[in-house]
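Notes follow once the structure below has been shown.
Just so you know, these numbers use all the heavy atoms, side chains as well, and skip hydrogens, waters and symmetry mates. Naming: A, B, ... by sequence-line order, numbering from 1 per chain. The structure displayed is predicted, hence computed values, not measured ones.
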Number of protein chains: 2
Amino acid sequence: MTKSETRKPQAALPLNEILAGDCIEVMNGLPEASVDLIFADPPYNLQLRGDLHRPDNSKVDAVDDAWDQFGSFDHYDSFTRDWLAAAKRILKPNGAIWVIGSYHNVFRLGAELQNQGFWILNDVVWRKSNPMPNFRGKRLTNAHETLIWASKGEGAKYTFNYEALKALNEGIQMRSDWVLPICTGNERLKDDAGDKAHPTQKPESLLHRIILGTTNAGDVVLDPFFGTGTTGAVAKMLGRDFIGIEREEAYREAARKRIEKVRKFDREALEITGSKRAEPRIPFGQLVERGMLRPGEELYSIGNRFKAKVRADGTLVGNDVKGSIHQVGAHLEGAPSCNGWTYWHFKRDGKMVPIDLLRQQIRAEMN
Amino acid sequence: MTKSETRKPQAALPLNEILAGDCIEVMNGLPEASVDLIFADPPYNLQLRGDLHRPDNSKVDAVDDAWDQFGSFDHYDSFTRDWLAAAKRILKPNGAIWVIGSYHNVFRLGAELQNQGFWILNDVVWRKSNPMPNFRGKRLTNAHETLIWASKGEGAKYTFNYEALKALNEGIQMRSDWVLPICTGNERLKDDAGDKAHPTQKPESLLHRIILGTTNAGDVVLDPFFGTGTTGAVAKMLGRDFIGIEREEAYREAARKRIEKVRKFDREALEITGSKRAEPRIPFGQLVERGMLRPGEELYSIGNRFKAKVRADGTLVGNDVKGSIHQVGAHLEGAPSCNGWTYWHFKRDGKMVPIDLLRQQIRAEMN
DNA sequence: ACTCTCACTGAATCAGCGG
DNA sequence: GCCGCTGATTCAGTGAGAG
């Protein structure tokens, strides 16, 4: 993400509100390139049954049958095309989108994302730990839904908090299959009659993982099919701004009440494990300037197979090759590249210590 | 399946052979409505850009074969349209098709299946127990592939051996997510040079589940992208007839040799699917995502000597030390290691409760 | 025979900054 | 936008060979 993106004033953007109306029209009224993440749980609503098929299926002419299906898929495809185009317009260049669906609609969604130039980063399987069983025993238990994570285009710099998700998974990198329960119990919103307020309320755990992993604090998360506002509730908890769009007043009202009650986590709790890439760059020459390593001193490769001599300008010379710690290491190993910081070691009290330790000392002093 | 279908003589059908040539042309030469099941593992159209190296600098052996190169989505879609149409023609009215793909191509596959009037019965997720990691930490580990199971049309009477799959799953209804290892070890075919004979050989366990669950003994299973013949090998084991179609002579030859060695009802081979069940690993972060513990909440050590605060990414911070529940516990105790699950406690109704209790709740839900 | 270590591998759309 | 340099980055499993 570039600085100009985050700092651009967005007075016209209605933050932390639930907008009423059709999502395509509402999105078209928002400024372009203004949101960081879109999460969309569009309706399935294929309406293939009843209207389009005669009662006696076997007698329907095959061509007519195919035409009917084309017709109905066409309608859904055109709806998908329109809302995805509207979503793409309001997305920042380095923003991203998540969509969720089941086998009824997710193939249409994924194909249309690709057609519009979105670049798929992962498809993610939400593996439900407590799905509804298949009562008639005619198919496999439908125990998952599919999410697609895509950037605005190939080469875009999407946000991915790798280390935070790795931490969430106890130190092992997060996989594309997520085991999470469906939304039940106290989390499931009920209406005044005690019935579920929304038929497909998504669990907060799902949104927690998405928002934590693919946005930064302060980002704007938009949900064009807001429903009862899971996206807004989790965004608020995690210190992100949200924009919800929802047609039905009953859902908007339920979502408003729900989000009202949500408390933002405190600042320390929201601090996440960061990447080493974000740390300040320390040139190797600084270790020499500061006298942590003396010109002429010898460094030893990992495994002790090679050695090289430090020069006053912060380059190394080893085996008649001169260059940076990375270049000399790569050359000696015959490798395309080499991280000199972890490759080269110096001797202290007879032990081999990686030069990266000295860099860490400098970084610690800087804080 | 009707009796007339199974008993119709099919003299023209070349059973248990591997046919050479382009799969569309070959399928068009076969009699219509003549096969019971089609399993298709078409090219994925991966669109890889450059080389990829592991952290140890070794190069990843990527799928860069000519057969996986398509110029555009249009080109890929037209290829998909043609082979699916040819496949549909030779399928019996009550036959079914399985296709497999990754996010690169599976949305095109699924959409085109629907466009041609195939009726999707389930999408199935093959969750790999040992996928290749994401070496650069830029995305989620791509740990699954997607299969689609579809009948020839809505209302068709497909074959589904519900009880057999339930038995295979230790008495519990089979779900739409299958955890199976990728094809390695002795099962992976090697060429004379000792390299893998085919870049994308599928595991027999996957085909075992498909053929056992969705065909009857004596059925004809056709695979238009036969490769090194996993479909044929498993069909033979299970007493089904197969038809393979493959363009490359080297793959056909490897498949022929392989299938030659297979014996029908080889007990040992059938037991591949019976996998050992370990207790599922539950990362601490899941307790946070699921709202069982709130970011900012305090945990207390066993004996109440220390406390630490929960962060949104499932790490703890206590005494200025950040890290996993195990790391922070070990640091505070000055111990080399610590089981954070039994060490850390939260307060409920004034009592101290170990966080392990929450993990047990999650495990109970999963069974 | 058994254990331990090391090397290798798998359908992958896998970097970012400064000049 | 291009070029070149810096330096960040991996999980589960198999199998050969050493001890």
request  = Name the closest nucleotide to the B/D61 side chain, picking from C/dC17, C/dG10, C/dT13.
outcome  = C/dG10
query = Rounding to a whole Å, what distance do you find between A/R175:CZ and C/dG10:P?
reply = 18 Å
Euclidean distance for P, D/dA12 against C/dC14 (whole angstrom) = 23 Å
query = Syn or anti for D/dT6, taking syn as within 90° of 0?
reply = anti
ask   = Using purine N1 to pyrimidine N3 plus N6-O4 or O6-N4 for Watson-Crick, or N1-O2 and O6-N3 for G-U wobble, each under 3.5 Å, what pairs with D/dC3?
value = C/dG18
task = Please figure out whether B/P131 or B/R136 has its closest DNA chain D nucleotide nearer the 5' end.
result = B/R136
query = In the structure shown, which nucleotide is the Watson-Crick or G-U wobble counterpart of C/dC2, with both distances under 3.5 Å?
reply = D/dG19
ask   = For A/S301 and A/R305, what are the C-alpha separation, side-chain angles and deciding distance, and is it a side chain to side chain donor-acceptor pair (under 3.5 Å)?
value = CA-CA 6 Å; A/S301 74; A/R305 296 199 305 134; 5.7 Å; no
message = So does B/A250 get a backbone contact from the side chain of B/E248, meaning a donor-acceptor N/O pair under 3.5 Å?
response = no
ask   = What's the NZ-P distance between B/K59 and C/dC8, to the nearest Å?
value = 16 Å
key: Minimum heavy-atom distance between B/D313 and A/A164, given as atom pair plus value   = CB-O, 3.7 Å
request  = Take the protein atom CZ of B/R188 and the nucleotide atom P of C/dT9, then report the distance between them rounded to whole Å.
outcome  = 12 Å
message = Testing A/W178, A/W98, A/F118 one by one against A/W149 for a ring pair (Phe, Tyr, Trp, His ring centres under 6.0 Å), which residue passes?
response = A/W98
task = Determine: side-chain N/O of B/N130 to OP1/OP2 of C/dG10, distance under 4.0 Å, yes or no.
result = no
message = Roughly how many Å apart are C/dA12 and D/dA8, using the P atom of each and rounding to a whole number?
response = 26 Å
query = Quick one: on DNA chain D, does A/H326 or A/I172 contact a more 5' nucleotide (nearest heavy atom)?
reply = A/H326
task = Counting Watson-Crick and G-U wobble pairs only, both distances under 3.5 Å, name the nucleotide matched with D/dC11, or none.
result = C/dG10
message = Is there aromatic stacking of B/F135 on C/dC14 here, judged by a ring-centre distance under 5.5 Å and a plane angle under 30°?
response = no
request  = Could you tell me from which nucleotide to which nucleotide of DNA chain D, 5' to 3', there is an atom under 4.0 Å from chain B heavy atoms?
outcome  = D/dG7 to D/dG15
key: Base of C/dA11 paired with side chain of B/K202 (donor-acceptor, under 3.5 Å)   = yes
query = Of A/D356, A/N304, A/I302, A/L299, which is the lone residue that meets side-chain contact (heavy atoms from CB on, under 4.5 Å) with A/H345?
reply = A/I302
D/dG15 to C/dA11 separation - C1' atoms, rounded to the nearest Å = 23 Å
ask   = With a 6.0 Å cut-off on ring centres, are B/Y44 and B/H104 close enough?
value = no
query = With rounding to whole Å, what would you report as the distance between C/dG10 and D/dT10 at their C1' atoms?
reply = 12 Å
query = Any donor-acceptor pair under 3.5 Å linking the side chain of A/N161 with the backbone of A/T215?
reply = yes
key: Rounded distance (Å) that lies between atom P of C/dA11 and atom OH of B/Y251   = 13 Å
query = Counting side-chain heavy atoms from C-beta on, which of C/dT13, C/dG10, C/dA11 comes nearest to B/R54?
reply = C/dG10
key: Between C1' of C/dT9 and CG of B/N57, the distance in whole Å   = 16 Å
ask   = In whole angstrom, what separates B/D51's CG from C/dA15's P?
value = 11 Å
ask   = If each of B/Y44 and B/R49 is mapped to the nucleotide of DNA chain C with the nearest heavy atom, which maps nearer the 5' terminus, i.e. the 5' end?
value = B/Y44
ask   = What's the CE-C1' distance between A/M174 and C/dC14, to the nearest Å?
value = 18 Å
inquiry  = When you measure from the centre of the six-membered ring of A/Y162, is the NZ or CZ of B/K138 closer than 6.0 Å and no more than 45° off the axis?
reply    = no
ask   = Do A/W119 and A/Y158 have ring centroids that are under 6.0 Å from one another?
value = no
query = Can you check the B/D68 CG to C/dA12 P distance for me, whole Å?
reply = 11 Å
